[in-house]
Amino acid sequence: MAKLFDTHSHYTDEKLFGNEELLREIFAGDIGYILTAAVNAEDSEKCAALASQYENMFASAGIHPEEIEKISDIPAEVAKLERYLAHEKCVALGEIGLDYYWEKAYAAEQKKLFERQMALAAEANLPVIIHDREAHGDTFDIIKKYEGKVTGVMHCYSGHAEMVREYVKMGWYISFAGAITFKNAQKAVESTRAVPLDRILVETDCPYLAPVPKRGKTNHSGFLHYTAEFTAGVLGVDYEAFAEATTANAKKLFKIQ
Ligand SMILES: [Zn+2]
């Protein structure tokens with residue numbers, strides 16, 4: 001049985017943090033690897049420390065766009081990430097991007113924070129994890145500026161199939177979470193079909209967005225197979241082949257042996 005790679009989770013979230021038994025069970029099951037994603041500088045430190053405790057857990061360091069209201073000096077805040085990016089278990093810069101659903105009023109500041117972190121990723125030669133909520137055009141424009149210098153993954157992607165094709169052309173990966181299993185996810189299903197098997201990743205984004213049939217529960221990597229099975233079905237690929245491909249894709253993107 002090929003093991004899955006949960007490429008986006010938040011095990012430092014209070015709903016999951018400290019639950020060592022749960023992580024032991026998850027790694028004993030069908031999960032081979034987990035990336036726990038950071039949302040700010042302090043969380044980047046926490047993610048690296050947590051990842052150090054498990055052989056196959058990795059971390060990212062980065063500042064989420066929803067943090068914008070709390071930040072007064074963007075360059076100083078981004079500079080704090082450098083030491084966490086150098087950590088041996090840190091394999092990506094993220095999650096970063098734009099969120100016009102929650103933080104539309106701070107669009108200009110969000111773009112500055114995002115661009116500053118893209119520049120840092122180019123310098124550090126690390127892939128990025130992108131959060132793009134209702135900001136598809138502006139997110140694409142900033143990523144396009146770094147074409148050839150920075151690649152990464154569009155996490156829990158909600159854009160159209162045409163956008164997916166553009167990212168794939170630029171060498172990017174696309175990841176879908178549990179929301180794809182919801183009844184109203186027709187757009188995400190169509191976008192999935194635009195991703196070649198060598199560019200698709202899977203994630204839980206736990207503790208949020210538990211897939212059907214666990215919708216409404218606290219999500220964790222043990223539920224990832226529901227999303228993986230659903231997505232494999234959408235692509236018309238056998239589950240085993242899908243699990244093998246998505247894990248290999250994630251290891252390639254995050255440069256894990
Ligand atoms: Zn996330």
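Each ligand, and each atom within it, is numbered from 1 in the order the structure gives. Atoms considered below: every heavy atom in the structure, side chains included; atoms not considered: hydrogens, waters and symmetry mates. Keep in mind that what you see is a predicted model, and the values were worked out from it rather than measured. Positions are given from 1 along the sequence.
- Geometrically, Lys144 does not engage Tyr167 in a cation-pi contact defined by less than 6.0 Å to the ring centre and at most 45° from the axis.
- Taking the side chain as every heavy atom from C-beta outward, Ile96 and Ile129 never approach each other to under 4.5 Å.
- Put simply, the side chain of Phe176 does not reach to within 4.5 Å of the side chain of Val234, judged on heavy atoms.
- For the pair Lys111 and Phe114, the NZ or CZ position fails the cation-pi test of under 6.0 Å to the six-membered ring centre and within 45 degrees of the ring normal.
- Contacts classified as salt bridge (charged side-chain N to carboxylate O under 4.0 Å, His left out) and involving residues 165-177 (residues at least two apart or in different chains) are given here: Glu166-Lys169.
- Using a 4.5 Å heavy-atom threshold, the side chains of Leu93 and Pro127 count as separate.
- Taking distances strictly below 2.8 Å, the protein N/O/S atoms close to the Zn ion (ligand 1) are His8 NE2, His10 NE2, Glu95 OE2, Asp205 OD1.
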